[in-house]
J.: 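Have a look at this one.
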Amino acid sequence: MSPNTGTATAEKSGKDGAKVQPRPSDALTKEDCLELLKELYLARYFDVRLIKEKKRGRLRGTLYSSHNQEAILVGSLYGLRSEDWISPIHRDMPAFFLKDIRKGWRNPDRVGLSIGEICAQVWGKVESPGRARDNWSHIGKRDKKIICSTSMLAGTIPVAAGVALSDRLNGVDSVVLTYNGEGSTAQGVFHEAVNFAAVHKLPVITIIENNQWAYGTPVEMGSPSKDLADRAKGYNIPGLIADGQDVFDVYDKVMQAVEFARSGRGPSLVECKSFRAYGHGDHDDDRANKYRPKEEVEQGRSRDPIAVMKATLVKKGYLTKEEAAQYPAEGKNASEVTDEDFPPEVVEYVKEGIEFALAGELPAAEEALQWVFVDSQAQAYPQGGAR
Amino acid sequence: MSPNTGTATAEKSGKDGAKVQPRPSDALTKEDCLELLKELYLARYFDVRLIKEKKRGRLRGTLYSSHNQEAILVGSLYGLRSEDWISPIHRDMPAFFLKDIRKGWRNPDRVGLSIGEICAQVWGKVESPGRARDNWSHIGKRDKKIICSTSMLAGTIPVAAGVALSDRLNGVDSVVLTYNGEGSTAQGVFHEAVNFAAVHKLPVITIIENNQWAYGTPVEMGSPSKDLADRAKGYNIPGLIADGQDVFDVYDKVMQAVEFARSGRGPSLVECKSFRAYGHGDHDDDRANKYRPKEEVEQGRSRDPIAVMKATLVKKGYLTKEEAAQYPAEGKNASEVTDEDFPPEVVEYVKEGIEFALAGELPAAEEALQWVFVDSQAQAYPQGGAR
Amino acid sequence: MSAIVETPVPTKVNFLTAIKDAIAEEMERNPDMLCMGEDIGVLGGAFGVTEGLHERYGKQRVYDMPISEAAIVGVGVGAAMNGKTIMCEMQFIDFISCGFDQIVNMAATFHYRTAGDVNLPMVIRGPAGAYGGGGPYHSQMNEAWFCNSPGLKVVCPSTPYDAKGMMKAALRDGNPVVFYEIKELYRRRDIEEELPTEDYIVPLGQAAVRREGADVTLVSYGQNVYQCLSAAELLKEQDGIEAEVIDIRSMVPFDEETVFNSLAKTNRVVVVNEAPMTCGFAGEIVSRISAKAFDLLDAPPMRVTRADTPVPWVKPLELEVLPSVEKVYQAALQTVRF
Amino acid sequence: MSAIVETPVPTKVNFLTAIKDAIAEEMERNPDMLCMGEDIGVLGGAFGVTEGLHERYGKQRVYDMPISEAAIVGVGVGAAMNGKTIMCEMQFIDFISCGFDQIVNMAATFHYRTAGDVNLPMVIRGPAGAYGGGGPYHSQMNEAWFCNSPGLKVVCPSTPYDAKGMMKAALRDGNPVVFYEIKELYRRRDIEEELPTEDYIVPLGQAAVRREGADVTLVSYGQNVYQCLSAAELLKEQDGIEAEVIDIRSMVPFDEETVFNSLAKTNRVVVVNEAPMTCGFAGEIVSRISAKAFDLLDAPPMRVTRADTPVPWVKPLELEVLPSVEKVYQAALQTVRF
Ligand SMILES: Cc1ncc(C[n+]2csc(CCOP(=O)(O)OP(=O)(O)O)c2C)c(N)n1
Ligand SMILES: Cc1ncc(C[n+]2csc(CCOP(=O)(O)OP(=O)(O)O)c2C)c(N)n1
Ligand SMILES: [Mg+2]
Ligand SMILES: [Mg+2]
């Protein structure tokens, strides 16, 4: 894959070069595809449930819905290995439990967080990895290869580069995926981090979830070009564009970037074109209807990733029309769907997570003063020694 | 001029498009050319004198020599109008008095600082615009359209954008030139400022003085592509490349960017390829010989801008070989040249400045507590009113 | 406008509206004023502070900025030095850390370094403070960073009247002002008040005595002022102690006199704020008192501040690290009984 | 190595060499340690602190970073959370403002926010302090910003012995440490000293008594310690006053006990540092004394600090705003005569 182009085969054929060569997704089996569809349902159902719970007033914190953007998460995570790292942000809640989920949804050894841990985080219980000391999406765990981000947008990209750097030094063949909204690419630290990663050819893949809006600001007020992938040209690295509504296209473009990274050729940006379904956060739903034209929203939501995928699977012959119609969650708002619109195992899985969270405990007040500092090792080992 | 290309005529002919159409410099008269040569001598002599004074221990502060990079300053400033703004940095000392110097070297009304004011700054006297409250290159004056920068590299670019914005709102048809080393383009604020200027098509021209080194760090450790102009591609704006040793090429590329800006089409980057003659600062001269290969330095200094210009002028028939040989300052270190190597009016002019500085006064200690705040206008005009 | 329209219709306004009106009225009064921030245009800002401005004044005066805090401040500095008056909104004051260098090294020093040639009429403002369950990055009071960066004024009003008057003063001040708006006060009903219909300012740098008392002085600002007032009631009811409550309103410049005058009466002081203790402004007040009003002290000056931790997200943890009425009450008792 | 080689060759080392040796020895001892900074590779750093490291350990462990302070810190955080020990050099501590958010919001809070899952063994260090004619951006002492940002240790040694021992302690600490190196001390001859040849550390958070005295306590850190020692001599010679001089060495954690013990003797204190006064650490010390050692005070605790201005460039102005031996002497006299 050559720099400054939208695909992995630029010299050959520019923007649509990917078409002329076999796509990574061609190798996906029927089982893979059905699993991917189930993960799409899972991401959607998780979001739907949180919206319902929030509306019922059972949750604190702001809900940044990933509705209509699930294909980005599912498609980008499916091809990763256990040892690969991710750093999701506010709109990526499902990513925390989707990581390495192929190893078994309930497999405790998979290198990702469990649905229970994520629900515990959302409900603010000690069973969350961070013991609910920071908001919803600010969780991570080293042994699960998930980097905990701050609220400061793009701020985790340099950290991702550092994680990648030390894995490389340790001979660990991993890649790091960082997730960012298109608006966040205007941050100075985005530039410093991507520039550094490019100079050192680090395996850092920056996923740009271009949902056309940064809170109340349209993409054209934040970026001089409507293709955010163009930012890659400034760093002489590949800038790929994926159809963010199509799990397969996201998978293909991300896997191209992953191969590029694994082969030591360095970082890439992958812009996934999508559209934000609701308001910026649930507090913004009503206002969003004012600042976003109705037509634009309808247009932006016209290709529900679940529908798009079903169509492909029917074409591939992996689903019959009847099977495809069985769980009609696509194209519906959270307020419109019921559990019947989703596969039972999906509903069951999320239900387990929520029950785990409800059964969990609030952290004790005293914890508030803990973990400001680690007990100094200098005192413990005056002569040093391995940390 | 179209985005993402090295010239003003990209569609037609890409990188060397400028050649196929008349260059701005073709319109320069013989008088213009001789003036430009004199300004080159002036910039060089000023630097030479400071080096000598510093060696004699007469100066405090670090000297960041502009030796071998003078064509960038002279060529970029010559085509500006009085109302245009500039923000020079550490290596651009001559820019402060070269601005608007066409209006007459000793013309008090020209919109630039006088040689005396600059020398007063270097010698730390109250006659400097900033009354010597900040180091050498940190000077500016609003009515002279010079923005005072801080030490924080690239930090003045957003300020330049703000200045340009308010001029545009006030109907003032100006452009703003900011000077930056190639290393400084890695700063986050460079990204935020250029991105903003591009979104709003502001007449901000970022001159990148690519002298191949950022202190002890070669360009390839700071940037993923050796052409810093490539950074422009990330902002969908023109990125021009000029031969930084050739006053005319710098003039041409900058004037292309200026025309582009004046016509409302927005910002540009202009990379001027050059080479740092000495150490990063005078404190670094010896060490620089260790970290920079001798051959590289010889190669980098093989095209002295004065020599390059003389050759052109001889070709143009504006100088005879004899005239060209008259003041042989080119290709010599500060330690090697004497006043005889420079036109007398140049020597005289700098001498005046230094005498002015030497006759000046040190600021009184009490001044140190002044000007932390302006007397609040809210108290003065409780009802507000024009500032 | 006709006289009829001008007849004041007395209605109580909340803290948010007071700030909103101040900015709107200054935009109307001062054609050279610009607003810059994220989502402040069509949306009208995350909290609606700039609602209506974009419609009324257009995108030439109200800028929906990219998510670039350094550019928001830096562009503001450039426009301010070139004749404009700038309102910079930080969506949450916590994000000011991303524009930090432009504030402390560019804006703060410009007037000084140019020996007065450059004035920067600009206000950098944003929602601040904890108690809302915002977690580490939507709860900060980081004013101490700027109090320790000479060249910036730093203020924090606690009432709608002050919010409006101080915002106007700040926008006319001519110096860069970092303006802390306590978001938990934005819509708090019990502090709504009627405001004068005519233009007014509240000068920056004047403290206000919120309650008179002769036994102990409680000094604070922002929402902690209300904790002090409640603690004062407790002290009165349960212990017959009369506390004087001072709202300093402005950290830089700081009104020492009002505090010292109170101490001359009470000889006892508790300073309360919600910033981390170490190097916070509460400590600054305590040290000025100790150095300059030592003789007035009959008991150790005490601080009730946030613990030196981030602000944790879940409520029990958040409350644990923050000042409370009870903590202020106990500290006051201790001081009085010393 | 043979015994002969190990025989200590006593030579005095300066402050710069002490720091240089500490880093070099830790690089040798800890194969997981990396260095990141501008021009620290082939050049060996602006002040030569990392000279030789690039040659010896290569570019895999010594990184010539782009001019990107946020990336220097952020990349350091990422490597540190993934098993490395990081030394981040700020070419001048003044430029730390450009990496500010990564320090106060990413590094400082990571351990806390992950409930202990992530440790960050990293030191962010750089040349600091005024008196060298460096002007506003090559003279800062901005430690207060970080003292007010919970989760960071903040230290500033004043002797070669401490510089080496504290740098090693910091590199083994496991927490992010902001390390202030007073550049005017780097090559100061009269403070050179012989250092132990064997490995040692100076634990962070312990103050040192530099001079004993019973009449007044002078508390400071960095180069101001030497001003205090000179002032103490003056006080003795000219006024027969015996001053005790305490070098706190570490702001976070802060050793209150040593200061209070001294006060128990002297009952008088002057705190000296070169940071701006408002919200500086000098004030923090004063307020802790006032709150916790009130009874020990027979006179108002005084501060001698930098004025609340930027550090101007030309000498007469620079000296005007900074503490001096004379100013410390006068303050001490005033306190004693109170
Ligand atoms: C540095 C910083 N500035 C501002 C914010 C406030 N903020 C939170 S989300 C958001 C919009 C983000 O838009 P985008 O990056 O496109 O992501 P999206 O929400 O659309 O997924 C803003 C401005 C922040 N979190 N961090
Ligand atoms: C934000 C910031 N970081 C570091 C420095 C220290 N510094 C001063 S000049 C310089 C090198 C600049 O290189 P370049 O931008 O190429 O300009 P040149 O000196 O080569 O003209 C550095 C690192 C600084 N001034 N500002
Ligand atoms: Mg978006
Ligand atoms: Mg350079």
Side-chain angles (χ1 to χ4, degrees), chain C residues 69-70 94-95 97-105 108-109 112-113 135-137 140 142-151 251-252 254 271 275-295 297 299-303 306-310 312-313 338, chain D residues 69-70 94-95 97-105 108-109 112-113 135-137 140 142-151 251-252 254 271 275-295 297 299-303 306-310 312-313 338:
Chain C
E69 282 72 15
D94 311 53
F95 305 132
S97 55
C98 298
F100 193 72
D101 175 67
Q102 288 290 316
I103 299 173
V104 301
N105 284 318
T109 65
Y112 188 85
R113 300 186 307 118
Y137 308 117
Q140 295 179 16
N142 45 35
E143 69 276 15
W145 296 338
F146 304 104
C147 295
N148 191 244
S149 304
M251 287 123 266
V252 182
F254 176 58
V271 183
M277 183 189 75
T278 302
C279 286
F281 198 77
E284 181 62 28
I285 296 174
V286 166
S287 18
R288 295 215 193 175
I289 291 171
S290 309
K292 300 183 176 176
F294 187 70
D295 291 342
L297 289 172
M302 292 182 67
R303 278 187 284 181
R306 184 175 119 202
D308 281 328
T309 73
W313 176 54
F338 180 82
Chain D
E69 282 72 15
D94 311 53
F95 306 132
S97 55
C98 297
F100 193 72
D101 175 67
Q102 287 291 316
I103 299 173
V104 300
N105 284 319
T109 65
Y112 188 85
R113 299 186 308 119
Y137 307 117
Q140 295 178 18
N142 44 35
E143 68 276 14
W145 296 338
F146 304 104
C147 295
N148 192 245
S149 305
M251 285 124 268
V252 183
F254 176 58
V271 183
M277 183 188 75
T278 303
C279 285
F281 198 78
E284 181 61 29
I285 296 173
V286 167
S287 18
R288 296 213 192 176
I289 291 171
S290 309
K292 301 183 176 178
F294 186 71
D295 290 343
L297 289 172
M302 291 183 68
R303 279 188 283 180
R306 183 174 120 204
D308 280 327
T309 73
W313 175 53
F338 179 80

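First the proteins, then the strands, lettered A, B, ... as listed; each starts at 1.
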J.: Given that the side chain runs from C-beta out, which part of D/Ile285 has a heavy atom under 4.5 Å from chain C: side chain, backbone, both or neither?
T.: neither
J.: Yes or no on side-chain contact (heavy atoms from CB on, under 4.5 Å) for D/Thr278 and C/Phe254, after CA distance, side-chain angles and deciding distance?
T.: CA-CA 10 Å; D/Thr278 303; C/Phe254 176 58; over 6 Å; no
J.: Count the heavy-atom pairs under 4.5 Å between each of C/Ser149, C/Ala307, C/Gly99, C/Pro301 and chain D, then report the option with the highest count.
T.: C/Pro301
J.: How close do D/Pro310 and C/Tyr112 get, heavy atom to heavy atom, and via which atoms?
T.: CG-CD2, 3.6 Å
J.: Just so I understand: if I count every heavy-atom pair under 4.5 Å between each of C/Gly151, C/Ala299, C/Cys98 and chain D, which residue has the most?
T.: C/Ala299
J.: Considering all heavy atoms of both residues, which atom of D/Glu284 and which atom of C/Cys279 are nearest to each other, and what is their separation?
T.: OE1-N, 2.8 Å
J.: Would you compute the distance between atom CE of C/Met277 and atom SG of D/Cys147 and round it to the nearest 0.5 angstrom?
T.: 11.0 Å
J.: For chain D, which candidate among C/Ala291, C/Ser290, C/Gly283 shows the most heavy-atom pairs at distances under 4.5 Å?
T.: C/Ser290
J.: Does the plane of the ring in D/Phe294 sit parallel, tilted or perpendicular to the ring in C/Phe294? Use 30° and 60° as the thresholds.
T.: tilted
J.: Determine, stepwise, if the pair C/Val104 / D/Trp145 fulfils side-chain contact (heavy atoms from CB on, under 4.5 Å).
T.: CA-CA 11 Å; C/Val104 301; D/Trp145 296 338; 3.9 Å; yes
J.: Step by step, would you call C/Glu143 with D/Asn148 a side-chain contact (heavy atoms from CB on, under 4.5 Å)?
T.: CA-CA 10 Å; C/Glu143 69 276 15; D/Asn148 192 245; over 6 Å; no
J.: To the nearest 0.5 Å, what is the distance between CG on D/Asn105 and CZ on C/Phe100?
T.: 11.0 Å
J.: Side chain from CB out, backbone as N, CA, C, O: work out which of these in D/Asp94 comes under 4.5 Å of a heavy atom of chain C, or both, or neither.
T.: backbone
J.: Evaluate the side-chain contact (heavy atoms from CB on, under 4.5 Å) criterion for residues D/Glu69 and C/Asp101: first the C-alpha distance (whole Å), next the side-chain angles of each, then the deciding distance (0.1 Å), finally the verdict.
T.: CA-CA 11 Å; D/Glu69 282 72 15; C/Asp101 175 67; over 6 Å; no
J.: Checking D/Phe338 against chain C: side chain, backbone, both or neither under 4.5 Å from a heavy atom?
T.: side chain
J.: Please flag which part of D/Arg288 lies under 4.5 Å from any non-hydrogen atom of chain C: side chain, backbone, both or neither.
T.: both
J.: Between D/Arg306, D/Gln102, D/Met302, D/Arg113, who has the most heavy-atom pairs with chain C when the cutoff is under 4.5 Å?
T.: D/Arg113
J.: Rounded to the nearest 0.5 Å, what separation is found between the CZ atom of C/Arg303 and the NZ atom of D/Lys292?
T.: 8.0 Å
J.: I need the residue from C/Asn142, C/Val252, C/Asp295 with the largest number of non-hydrogen atom pairs under 4.5 Å to chain D.
T.: C/Asp295
J.: Count the heavy-atom pairs under 4.5 Å between each of D/Ile289, D/Val286, D/Thr309 and chain C, then report the option with the highest count.
T.: D/Thr309
